[in-house]
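Before any comments, here is the structure.
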Amino acid sequence: MSQLNIVIINGPNLNLLGKREPEIYGSTTFEDCLAQLKNKYPDIHFDYFQSNVEGELIGAIQQYGFSQWGIILNAAAYTHTSVGIGDAVKAVPSPVVEVHISNTFSRENFRHQSYISPNAAGVILGFGLSGYGLAVEALIGLKK
Ligand code: DQA
């Protein structure tokens with residue numbers, strides 16, 4: 001089997017994980033989460049991109065999405081607002097696994113709408129940062 005390349009793309013305010021609303025998002029930083037993933041999956045090549053800017057997230061999806069990368073995308077608040085990010089997910093051939101740390105369906109109504117889900121390979125939400133590991137497993141399953 002050829003090398004599995006996975007990029008994790010995180011949207012706005014996810015650079016604050018660990019100190020942002022820890023009762024919802026936990027107290028682990030994303031850097032720690034990524035280090036754990038790299039440790040657990042030494043054969044997978046991980047890239048990580050985070051931005052608070054919508055267009056930069058679209059650029060990253062375009063950059064990785066045509067070159068044999070599995071994409072794990074937590075578009076954060078843009079999930080609920082961005083037609084542009086939804087269109088980018090639709091435009092690329094790479095599989096996109098949508099992840100949310102919190103269960104967005106148990107929160108405010110505006111978080112129930114996702115512009116990503118219709119074109120995602122699948123969605124994982126509500127399991128905290130473990131959702132990123134579950135998304136890696138999903139991409140391994142898709143690659144087989
Ligand atoms: C989030 C859920 C979104 O509604 C919110 O805007 C975020 C994080 C999550 O991972 O639970 O910033 O995507």
Side-chain angles (χ1 to χ4, degrees), residues 4-143:
L4 180 53
N5 295 312
I6 293 180
V7 59
I8 300 174
I9 300 176
N10 272 345
N13 300 306
L14 293 174
N15 54 313
L16 298 179
L17 283 176
K19 53 187 171 188
R20 170 196 184 197
E21 298 176 273
E23 66 288 355
I24 297 176
Y25 299 111
S27 49
T28 306
T29 65
F30 196 77
E31 288 64 32
D32 284 347
C33 174
L34 186 59
Q36 285 168 21
L37 287 176
K38 286 180 174 172
N39 202 32
K40 183 168 179 190
Y41 299 99
D43 295 335
I44 296 177
H45 180 213
F46 287 99
D47 267 11
Y48 176 55
F49 180 80
Q50 189 279 329
S51 177
N52 296 322
V53 179
E54 185 176 13
E56 290 182 3
L57 295 166
I58 294 170
I61 293 164
Q62 292 182 3
Q63 181 196 327
Y64 286 97
F66 288 97
S67 19
Q68 308 270 310
W69 285 73
I71 298 176
I72 297 173
L73 174 64
N74 184 348
Y78 287 136
T79 304
H80 318 301
T81 62
S82 178
V83 175
I85 294 178
D87 280 354
V89 169
K90 190 171 186 181
V92 299
S94 292
V96 175
V97 179
E98 177 181 358
V99 168
H100 298 286
I101 297 162
S102 63
N103 179 351
T104 47
F105 290 100
S106 69
R107 301 179 65 192
E108 303 95 320
N109 280 342
F110 69 85
R111 295 186 205 275
H112 301 179
Q113 159 84 7
S114 169
Y115 285 98
I116 315 296
S117 302
N119 298 301
V123 185
I124 296 166
L125 54 88
F127 296 108
L129 287 175
S130 313
Y132 289 93
L134 297 171
V136 170
E137 288 294 330
L139 287 170
I140 291 171
L142 286 176
K143 174 98 176 163

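As the structure lists them, so they are numbered: ligands from 1, and atoms in each ligand from 1.
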For the residue pair Ala75 and Ile116, what are the closest heavy atoms and their distance?
->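 That would be CB-CD1, 4.2 Å.
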
Which ligand 1 atoms are under 4.0 Å away from a heavy-atom of [X]?
X: Ser102; answer: 2 (C), 9 (C), 11 (O)
X: Tyr25; answer: 5 (C), 7 (C), 8 (C), 9 (C), 11 (O), 12 (O)
X: His80; answer: 3 (C), 4 (O)

Check the surroundings of atom CD in Gln68: do more than 12 heavy atoms from other residues, nucleotides or ligands lie under 6.0 Å from it?
->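 Result for CD/Gln68: open.
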
Would you find a donor on one side and an acceptor on the other, under 3.5 Å apart, between the side chain of Glu98 and the backbone of Gly122?
-> no

State whether the side chain of Ser102 and the backbone N or O of Ile24 hold a donor-acceptor pair below 3.5 Å, judged by distance alone.
-> no

Please state whether [X] comes within less than 4.0 angstrom of ligand 1, counting heavy atoms only.
X: Thr79; value: no
X: Gln113; value: no
X: Thr104; value: yes

Side-chain contact, heavy-atom cut-off 4.5 Å: Phe105 with Leu125?
->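 Phe105 reaches Leu125 side chain to side chain.
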
Considering only heavy atoms from C-beta outward, does the side chain of Tyr132 approach that of Ile72 to under 4.5 Å?
-> yes

Geometric class of the His80/Phe110 ring pair [parallel <30°, tilted 30-60°, perpendicular >60°] =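 Plane angle over 60°, so perpendicular.
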
Closest by any non-hydrogen atom to atom 10 (O) of ligand 1: pick that one out of Thr81, Ile101, Leu17.
->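 Residue with the shortest heavy-atom distance to the ligand atom: Ile101.
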
Closest to atom 12 (O) of ligand 1 (judged by heavy-atom distance), picking from Glu108, His100, Arg20 | Arg20

How many angstroms lie between atom OG1 of Thr28 and atom CG of Leu17, to the nearest 0.5 angstrom?
->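 Atom-to-atom, Thr28:OG1 and Leu17:CG are 9.0 Å apart.
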
Using a heavy-atom cut-off of under 4.0 Å, does the side chain or the backbone of Val99 touch ligand 1, or both, or neither?
-> neither

Answer yes or no: does an N/O atom from Arg107 fall short of 3.5 Å to an N/O atom of ligand 1?
-> no

Protein contact of atom 6 (O) of ligand 1 - nearest heavy atom, named by residue and atom, plus distance = Arg111 NH1, 3.0 Å

